[in-house]
Amino acid sequence: MNYWLVKSEPYVYSYSDLVRDKQTFWDGVRNYAARNNLRAMKKGDQVFFYHSNEGLAIVGIAKVAKEAYPDPTAEGDTWSVVDLKPVRKLKNPVTLDRIKAEKSLAAMELVVNSRLSVQKVGEKEWNTILKIAEEG
DNA sequence: GCCAACGTTGGC
DNA sequence: GCCAACGTTGGC
């Protein structure tokens, strides 16, 4: 089981949109590093859902419902999508500020390379964030 | 294959 | 709205 993080601007597609839709395909990735991460996702992998631009926080958890297949919104098979399903909303959103304040999370790609829109999350990082979400 | 120019992302 | 960081493009 691997852990990931995807980013979305909430006014484009928010976590509550995912909850409403029950399932979505994660389209629009046009960055090779991000695409490679999409392709490495396995069914059942857990995914943090991060709101960029507005909110600036991890707000919920999704899981991979279907592994990578060609992006229906792109020509050819250069770009990929996966299907995501909502799992649960975090009790408390974990903000970027909070993550930056946490020493053990200093190496997170979210902090180091904020522009990558699909990131891998380490198991320890995952658990730390879950803990913060519980404790508020 | 290098690198300057340009476009995009995303935090502030 | 600005700008830094980074990825991509295209001329050479």
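Since this is a predicted model, take the numbers as computed values, not measurements. So you know, we letter chains A, B, ... as the sequences are listed, proteins then strands, and number each from 1.
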- Spell out, as yes or no, whether a donor-acceptor pair under 3.5 Å connects the side chain of A:Asp45 to the backbone of A:Val64. no

- Item | Polar contact flag, side-chain donor to acceptor under 3.5 angstrom, A:Thr95-A:Asp97 | no

Donor-acceptor pairs under 3.5 angstrom involving side-chain atoms of residues 34-43 of chain A: please list them, not counting sequence neighbours.
from    : atom 1 : to       : atom 2 : distance (Å)
A:Arg35 : NH1    : A:Thr78  : O      : 2.8
A:Asn36 : ND2    : A:Tyr32  : O      : 3.3
A:Asn37 : ND2    : A:Val118 : O      : 2.7
A:Arg39 : NE     : A:Ser80  : OG     : 2.7
A:Arg39 : NH2    : A:Asp77  : O      : 3.1
A:Arg39 : NH2    : A:Thr78  : O      : 3.1
A:Arg39 : NH2    : A:Ser80  : OG     : 3.3

- Does a sphere of radius 6.0 Å around NZ in A:Lys120 hold more than 12 heavy atoms from other residues, nucleotides or ligands, not counting ones at 6.0 Å or beyond? yes

- Query: Do A:Phe49 and A:Trp26 have ring centroids that are under 6.0 Å from one another?
  - Reply: yes

- Item | Between A:Arg30 and A:Ser117: side-chain donor-acceptor atoms closer than 3.5 Å | no

- Message: For the CD atom on A:Glu75, are there more than 12 heavy atoms of other groups (residues, nucleotides or ligands in this structure) within a distance under 6.0 Å?
- Response: no

- Query: Which sits closer to the 5' end of DNA chain C, A:Asn53 or A:Asn113, going by the nucleotide each is nearest to?
  - Reply: A:Asn53

- Task: Give, ordered by number, those residues of residues 26-35 of chain A having at least one heavy-atom distance below 4.0 Å to an atom of DNA chain C; if nothing qualifies, reply none.
- Result: A:Asn31, A:Tyr32

- Please confirm whether the backbone N or O of A:Arg88 pairs with a side-chain atom of A:Tyr15, one donor and one acceptor, at under 3.5 Å? yes

- Note on the structure: chain A reaches DNA chain C, atoms under 4.0 Å from its heavy atoms, from C:dA5 to C:dT8

